Amino acid sequence: MSETINLARRLGSGLPPDLVGFLRTAGKSAGEAGQKLYLVGGVVRDLLLGRSNVDLDLVLEGDAIRLAQELASGLQGKMVAHRRFGTASVQWNGWKVDIATARLESYPHPGALPVVRPGSIETDLSRRDFTINAMAVELAPEHYGLLLDRFGGLNDLRNGLVRVLHELSFIDDATRIWRALRYEQRLGFGLEASTLALLKRDVNMLSTVSGDRIRHELELALKEPEPERVLCRAGELGVLARLHPSLKCDDWLVEKFGRSRETQGGTPGVYLALLCYRLGSEETEQLVSYLRPASPLARTLRDTANLKAKLELLTDPTLAPSAIRSLLDGYSLTALAAAQVATDSPLVRERVDLYLRKLRHVKPSLTGDDLKKLGVPPGPGMKEALQALLQARLDGRVTTRREEEDMVKRRTVSSIGTNCPERR
Ligand code: ATP
């Protein structure tokens, strides 16, 4: 017989008082309308693990939008509805809670988005990815805090296991493969033996899922505290190769991710650029057209590929600061940050660092208007003069506005000299 577990005390100690108050009120309002309300998913898992999580997801056996509206008005907050999905969020005082109508889902074909109909808490839990994410807590006042655990999630939490609910799970939705690795690595769990076997069997189902959905999962993986753990596990199980056959997670990547974290705080963009750093330009294009990232990220990946070739030029010991600037100008900052970590040359690292900290911000004191006043006519000559000033500033040949003005005057005199027919 399954044990009866009440999490009312854990809810009280694990969540901020505002949210506990919300749960109590929400459970009562739903009860008054004759509907059952539950706390579900990741927050239940994290409450049981003692991990902090304030992303509350509620499921109602009834009209979620109506309940959300009622709760939002009681709190003088805001309700945002997604009518197509029967979901809504209540927002007040900086908090946000999602409420969904309990669903029954079916998959028209592998990898498709599910067809959704209203269902019960049981059907809603049975469409979920893993047992540890398929638990619910009752919020009705008479059963407040009661754990609903139809699939043995609590046991799997205790044993540190990620387990799918049924053997077609990865076929229905192969993004769960990435999700499994993310939870396994984040929580320091293992894949339960038959889940591991199913994952290996179904790894080719990743090709049934759109690049957009895979990118979303990859981005979530890259937001983990140590994303390389997920990537290396993905490498080991043949999942990474489904993104692109040339991607690999090895000692090099682990070292670079660690260094990026220590020196730059490790952002998902830099991690992705590092992951793709060793791809050729054509391979990068293949990955970009598969994942279709938003244009800043696509640019970062392309820049990363192009920048790699430029880094070689930065090893020339005679390079002046102005030459460093012109080599590195125009690349995305994320690509530059990745290159700084990726290079094995201390000199290149130092120069990219100099560029990022200092050189990219340098500009002459004089503007185009100032040059006009000094007699430089608008047109290509003006552009050249500004460029010459910038180079002189970067290389320390001028350091004050006065010196810049003198330089412009000298240039004007010498150009008059060379353009004047009598003096040729
Ligand atoms: P995290 O801590 O990573 O945010 P979470 O459990 O809150 O974890 P979400 O991605 O916010 O994860 O999803 C909320 C819940 O929805 C999950 O706990 C899971 O029950 C369910 N879920 C999400 N994605 C899927 C999926 N692809 N298949 C089945 N269930 C899913």
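Throughout, residue positions are numbered sequentially from 1 according to the sequence presented. Counting starts at 1 for both ligands and their atoms, following the listed order. Just so it is clear, the model here is predicted, and its values are computed rather than measured.
If you look at ligand 1, the protein residues with a non-hydrogen atom under 4.0 Å away are G41, G42, R45, D57, R127, R128, D129, N133, D173, T175, R176, R179, R182, Y183, R186.
Remark: D316 engages no residue in a salt bridge (charged side-chain N to carboxylate O under 4.0 Å, His left out) (not counting sequence neighbours). Residues satisfying the salt bridge (charged side-chain N to carboxylate O under 4.0 Å, His left out) test with K256, not counting sequence neighbours, are D344.
Under the 4.0 Å criterion applied to side-chain N and carboxylate O atoms, R179 and E217 are assigned as salt-bridge partners. Remark: R229 does not engage E224 in a salt bridge, criterion side-chain N to carboxylate O under 4.0 Å.
Listed by first and then second residue, the side-chain hydrogen bond (donor to acceptor under 3.5 Å, both in side chains) pairs involving residues 77-90 are S89-Q91 (not counting sequence neighbours).
Ring pair F130/Y183 is perpendicular by interplanar angle, where above 60° counts as perpendicular and below 30° as parallel.
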